[in-house]
Undergrad: 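Take this structure first; my questions come after.
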Amino acid sequence: KDFSGERTGFVEVGPKKWVFPSGYTKAAQSIYNFKLRSDDVFVATFPRSGTTWTQEMVWLLCNNLDFQTAAKVPLNDRFKFLEFSCFIHEKVKEEFLKENMANPEYYKIVQSIDNPRWETLTKSPERRFIKTHLPFSLLPPSLPQAGCKIIYVARNPKDVAVSFYHWNRSIRTQGFLGDFRKYWSYFHRNLQPWTPYWEHLKEGWNMRHEENILFIFYENMNKVNLRQSIEKIAAFLGRSYSVEELDQLESYLQFDNFKNNKSVNLDLIKKLGIILKDEEPFVRKGKNGGWKDYFDNDIDAEANEWIEKNLIGTDLRFPA
Ligand code: A3P
């Protein structure tokens, strides 16, 4: 009763009990065996951790700051979401097709919406840019040694929970109806897609010393250290740019500019009806510590205890 969406159902996967849309079951093996190329670039995150922002930065850094193509071609087409088709249940697709019947352009897009991205990527002759929310243990095991570059972005769980709450209200297949307190009760009990959050993060954290993996915190990237983060990521990707070019990229990625960027704001899936129109936009507030507006004392105490418990035995710590 807390969800209005045509939910696709969820599956629990493996001993860590990952929660995924049921379509993952069919995709799991193909994704695990996905053939890597040494020049692949991955952005891997738990959802709502600054994925889109990092993707756009990475794509531009690798593509000579080609702002023109970035404006013309939606980020989703330049940077494929590996497991996207797992969300699109047949029934949901049928409905989207029916709704978009009157518009041949949209109808055609919906027809290919559940094409497995790993197949498209396998056929692609171009350099591949890949987004995933899957944890490392479900990705091809040779990933750290395959020569490709992987940027893992982590964000503190309180802000992730708030951001994910809004996203789950927006996305029609979920259509979360409850308030934040209710959402939190699902999130911290690992009853939301891609949870358990901590396992996801720890798998990323444990990989941070691998030569081809860069582990970064959203909090460090946000506001004050954006320039430093751009430089760090550029160095990791083996790219260098002039001060003026970096100035331009930094300004392009600033929240106030980025939130008006049509190429990253999922305008198309909004038009197709996959996102409910009235909720907050995908690039929403972009704040460190925005959770304070949602957590009352009880939720905060519970969250702190949960965080403390999960940090035992790891040196993972979030930037202050
Ligand atoms: P909020 O909902 O807290 O605002 P993802 O791309 O992984 O789904 O992450 C989305 C989160 O990143 C959202 O957080 C969004 O606003 C934030 N974000 C996107 N672009 C940003 C930018 N340029 N600066 C800061 N935060 C940004």
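Both counts, for ligands and for their atoms, begin at 1 and track the order of listing.
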Undergrad: Applying side-chain hydrogen bond (donor to acceptor under 3.5 Å, both in side chains), can you list everything that pairs with Arg181, at least two apart in sequence or on another chain?
TA: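 Arg181 satisfies side-chain hydrogen bond (donor to acceptor under 3.5 Å, both in side chains) with Asp296 only.
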Undergrad: Out of curiosity, does Met101 fall in the hydrophobic cluster containing Ile88 (side-chain heavy atoms, cut-off under 4.5 Å, transitive links)?
TA: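 Ile88 and Met101: one cluster.
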Undergrad: Side-chain contact test, heavy atoms from C-beta onward, threshold under 4.5 Å: evaluate it for Leu60 versus Tyr252 and give yes or no.
TA: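 Touching, per the 4.5 Å side-chain cut-off.
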Undergrad: Run through ligand 1 for me and note each protein residue having a heavy atom under 4.0 Å from it, chain first, then residue number.
TA: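 Ligand 1 is contacted, at a heavy-atom distance under 4.0 Å, by Arg48, Ser49, Gly50, Thr51, Thr52, Trp53, Arg155, Ser163, Tyr218, Asn222, Leu253, Phe255, Phe258, Phe282, Val283, Arg284, Lys285, Gly286.
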Undergrad: Using the side-chain hydrogen bond (donor to acceptor under 3.5 Å, both in side chains) rule, collect all pairs that involve residues 25-40, keeping only residues at least two apart or in two chains.
TA: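 Passing the test, one end in residues 25-40: Asp40-Arg128.
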Undergrad: Can you name the residues that form a ring pair (Phe, Tyr, Trp, His ring centres under 6.0 Å) with Phe42, not counting sequence neighbours?
TA: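 Here no residue qualifies.
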Undergrad: Is it true that Glu95 and Arg172 have a side-chain N and a carboxylate O under 4.0 angstrom from each other?
TA: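 Salt bridge: yes.
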